[in-house]
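Here's the structure, in structure tokens; my notes come after.
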Protein chains: 2
Amino acid sequence: MKISAAESVVMEALWRESPLTSEAIMSQVCGPQDWTEGTVKVLISRLVKKKAVTAKADGRRYLYSPLLSRRDYVQGESQGLLDRLFDGRLAPLVMHLSEGDKLSDQDIAELKALVERIGK
Amino acid sequence: MKISAAESVVMEALWRESPLTSEAIMSQVCGPQDWTEGTVKVLISRLVKKKAVTAKADGRRYLYSPLLSRRDYVQGESQGLLDRLFDGRLAPLVMHLSEGDKLSDQDIAELKALVERIGK
DNA sequence: CGAGATCGATGACAACTGTCAACCATAGAT
DNA sequence: ATCTATGGTTGACAGTTGTCATCGATCTCG
């Protein structure tokens with residue numbers, strides 16, 4: 001099942017740390033997102049329904065944990081973009097981003113090191 | 001304005017070649033997408049309304065051309081993903097994709113060459 | 001036991017998306 | 001002058017998303 005943008009904000013909180021109570025999730029996301037309690041509750045419910053999150057009963061509340069790993073999510077999103085826009089080829093993606101001119105020297109250095117490592 | 005997935009299929013046709021009549025667009029996208037005439041017509045209209053496409057009158061029909069460049073679109077999508085999932089850092093993205101193990105030797109070679117070029 | 005405080009579930013609603021069909025205007029054909 | 005084919009505009013409808021408020025069960029404190 002597909003995870004929406006708003007839902008992914010909740011997932012990020014759970015990937016950072018889990019399990020979490022809904023209260024803890026809210027305290028993490030309500031600030032930056034300016035959401036009310038109700039909004040976050042619904043996002044959590046939808047994620048549970050989508051089986052991206054499990055709810056373990058803990059007394060009267062639930063403890064939520066991700067079922068979908070960040071790794072898998074990120075992999076899917078990245079590969080999807082790559083396939084959709086660059087015919088699955090990595091070099092054109094990197095080229096585009098480097099032309100956007102937002103790469104720091106550090107980015108380039110890291111990338112260089114990484115490519116060395118992959119290449120061998 | 002945001003371009004949806006279905007709309008981007010129409011945009012791809014126009015980026016490949018433009019201007020095009022709606023008929024030409026349909027012949028390009030109806031096959032792969034299994035869309036009916038009506039569907040494509042609506043997608044085109046919505047793109048015009050969103051100002052992603054212009055319609056120049058040509059007798060009784062229109063000739064459509066992209067207003068949004070593929071370059072800008074791709075840039076936006078790519079940067080968006082990078083910011084959303086990798087905190088704007090390129091190396092982790094490349095790492096993820098390389099771990100997915102779907103990189104060909106050619107990909108790696110291209111990337112290596114590209115990084116050399118950027119680095120200097 | 002009764003009054004609040006919690007927490008999840010449910011209902012609501014508008015905007016956007018994917019998908020079509022019906023309608024309408026007009027350029028050509030007869 | 002009329003008929004028809006063609007292409008654009010509208011209306012429609014279900015599903016998803018973003019956003020909230022209300023309801024109902026339950027736990028806890030006095």
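In what follows, chains are A, B, ... by sequence order, proteins preceding strands, each numbered from 1.
For residues 42-62 of chain A, the side chain to side chain donor-acceptor pair (under 3.5 Å) pairs, not counting sequence neighbours, are A:Glu7-A:Lys50. A side chain to side chain donor-acceptor pair (under 3.5 Å) check over residues 15-34 of chain A, counting only residues at least two apart or in different chains, returns the pairs A:Arg16-A:Gln28. For residues 26-60 of chain A, no residue pair satisfies the ring-ring contact (aromatic ring centres under 6.0 Å, His included) rule, not counting sequence neighbours. Among residues at least two apart or in separate chains, salt bridge (Lys or Arg N to Asp or Glu O under 4.0 Å) pairs with a member in residues 76-93 of chain A are A:Lys2-A:Glu77, A:Glu77-B:Arg84, A:Arg84-B:Glu77, A:Arg89-B:Glu110.
Contacts between residues 19-32 of chain B and DNA chain D, defined by a heavy-atom separation under 4.0 Å, are made by B:Ser22, B:Glu23.
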Going 5' to 3' along nucleotides 14-30 of chain D, which nucleotides have protein heavy atoms under 4.0 Å from the base (write B), which only from the sugar-phosphate (write S), and which from neither (write -)?
---SBBB------S---
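Protein atom CD of B:Glu37 is 14 Å distant from nucleotide atom P of D:dT9, rounded to whole Å. As a whole-Å value, the separation of A:Leu47 CG from C:dG8 P is 14 Å. Atom-to-atom, CG of A:Asp58 to P of C:dT6 comes out at 17 Å; the value is rounded to the nearest Å.
Residues forming a side chain to side chain contact (heavy atoms under 4.5 Å, CB included) with B:Ser78 (at least two apart in sequence, or on another chain): A:Leu81, A:Phe86, A:Leu93, A:Leu97, B:Val74. Partners of A:Ser69 according to the side chain to side chain contact (heavy atoms under 4.5 Å, CB included) rule, which considers only residues two or more places apart in sequence or in another chain, are A:Arg71, A:Asp72.
At D:dG8, one or more side-chain N or O atoms of B:Tyr64 fall inside 4.0 Å of OP1 or OP2 (strictly under the cut-off).
At a threshold of 4.0 Å, the pair A:Glu116-A:Lys112 does not count as salt-bridged, since none of the basic side-chain nitrogens sits closer than that to a carboxylate oxygen.
A distance of 12.0 Å separates CD in B:Gln106 from CG in B:Leu111, rounded to the nearest 0.5 Å.
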